[in-house]
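Since the structure comes first, as structure tokens, the remarks are kept for the end.
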Amino acid sequence: KKLSQLRTAVDEVFAVRGGEDQGAAARMVAELEKGGMLSERDFAARMPIMVGGPEPAIELVKQARILRGQMGAAETGGLAAIMSKAIRAGDPHEVLSAAIIAAPEASLLGISDEELMALVSILGEKAGNMDQGGQQAKAFLRFIHEHYDLKGKSFAEMVKAIQIDPPGP
């Protein structure tokens, strides 16, 4: 039954131009299935049109799956939600790549994926490299986690608390 369901999904994705060929459609369906996002195959099938082809779309689905796994489905939502947040923050490939770097620390602090994507986007822009922004975000969030008791606060509240009570020398 599962195999039949996956074959149907591949056919549906391929029919909506989810891939240049059946192989690309199958790779996209495999990434969706791994991330528990198979129900979003119609949205995923349209992604190649938005992002310049099937391979970039498959990579974005993979990145969304990884981020969702690190931060939890309840926080990130589905593929469409993740993609809309990443697109608002900048180049979705770069934003998701950088967010994945810092996601474990963000998750420990209860920072939303949207706040994380905004943070890595700002730091990446300043650093001139989005992955460097992800590394900086990771270090900053780890510092907050180790020196402050701010779990569950919004990122804005964390920054305000640090400004009021900066760490000692």
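Scope of the values below: all heavy atoms of this structure, side chains included, with no hydrogens, waters or symmetry mates.
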**Request:** Go through the steps for Glu31 and Arg65 under the test salt bridge (Lys or Arg N to Asp or Glu O under 4.0 Å), then give the verdict.
**Result:** CA-CA 7 Å; Glu31 288 300 333; Arg65 174 182 57 80; 2.7 Å; yes

**Request:** Take Ile162 and Phe140 through the side-chain contact (heavy atoms from CB on, under 4.5 Å) test and state the conclusion after the steps.
**Result:** CA-CA 11 Å; Ile162 291 168; Phe140 179 63; 4.2 Å; yes

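- Remark: His93 NE2 is packed, more than 12 non-hydrogen atoms of other residues, nucleotides or ligands lying under 6.0 Å away.
- Counting non-hydrogen atoms of neighbouring residues, nucleotides and ligands closer than 6.0 angstrom, the CD atom of Glu125 reaches no more than 12 such neighbours.
- Contact check on Arg88 versus Glu114 returns a salt bridge, with a Lys/Arg side-chain nitrogen under 4.0 Å from an Asp/Glu carboxylate oxygen.
- Taking each heavy atom of Ser112 and Met71 in turn, the nearest pair found is C-CE, 4.0 Å.
- Judged purely by atom type and a 3.5 angstrom limit, Glu146 has no side-chain atom pairing as donor or acceptor with the backbone of Phe143.
- Remark: Leu67 CG to Leu116 CG distance equals 7.0 Å, nearest 0.5 Å.
- Side-chain N or O atoms of Lys85 include none that pairs as donor or acceptor with a backbone N or O of Glu115 at under 3.5 Å.
- Residues Glu40 and Ala80 come closest through the heavy atom pair OE1-N, 3.0 Å.
- Looking at Met158 and Ile111, their side chains come closer than 4.5 Å, going by heavy atoms from C-beta outward.
- No donor-acceptor pair closer than 3.5 Å links the side chain of Ser121 to the backbone N or O of Gly90.
- Hydrophobic clustering places Tyr148 together with Val159 (ILVMFWY residues linked when any side-chain heavy atoms are closer than 4.5 Å, directly or through intermediates).
- Annotation: side chain of Gln70 is in contact with side chain of Ile66 (closest heavy-atom distance under 4.5 Å).
- For the residue pair Gln63 and Pro92, the shortest heavy atom distance occurs at OE1-O, 4.3 Å.
- To the nearest 0.5 angstrom, Leu108 atom CG is 5.0 Å from His145 atom NE2.
- Remark: the backbone N or O of Asp131 is not paired with any side-chain donor or acceptor of Glu94 at under 3.5 angstrom.
- Side-chain heavy atoms closer than 4.5 Å link hydrophobic residues (I, L, V, M, F, W, Y) into clusters, and following such links, possibly through other members, connects Val10 to Leu6.
- Put simply, the side chain of Arg27 does not reach to within 4.5 Å of the side chain of Val61, judged on heavy atoms.
- Scanning both residues, Val120 and Gly134, for their nearest heavy atoms gives CG1-CA, 4.0 Å.
- You'll find the side chain of Met117 reaches within 4.5 Å of the side chain of Leu96, heavy atoms only.
- Panel note: side chain Arg142, backbone Glu105; no donor-acceptor pair is recorded below 3.5 Å.
- Residue Glu75 holds its CD atom at 10.0 Å from CD1 of Ile82, rounded to the nearest 0.5 Å.
- Leu150 places none of its side-chain heavy atoms less than 4.5 Å from the side chain of Phe155.
- Counting heavy atoms from C-beta on, the side chains of Pro54 and Met28 never come closer than 4.5 Å.
- With contacts defined as side-chain heavy-atom distances shorter than 4.5 Å, the pair Ile87/Val95 does not qualify.
- Judged by distance alone, with hydrogens and angles left aside, the side-chain atoms of Thr76 form a donor-acceptor pair with the main-chain N or O of Gly72 at under 3.5 Å.
- Put simply, the side chain of Ser97 does not reach to within 4.5 Å of the side chain of Met130, judged on heavy atoms.
- For the atom pair Leu109 CG and Asp149 CG, the distance stands at 10.0 Å (nearest 0.5 Å).
- Linking ILVMFWY residues whenever their side-chain heavy atoms come closer than 4.5 Å, directly or via other members, leaves Ile101 and Leu60 in distinct clusters.
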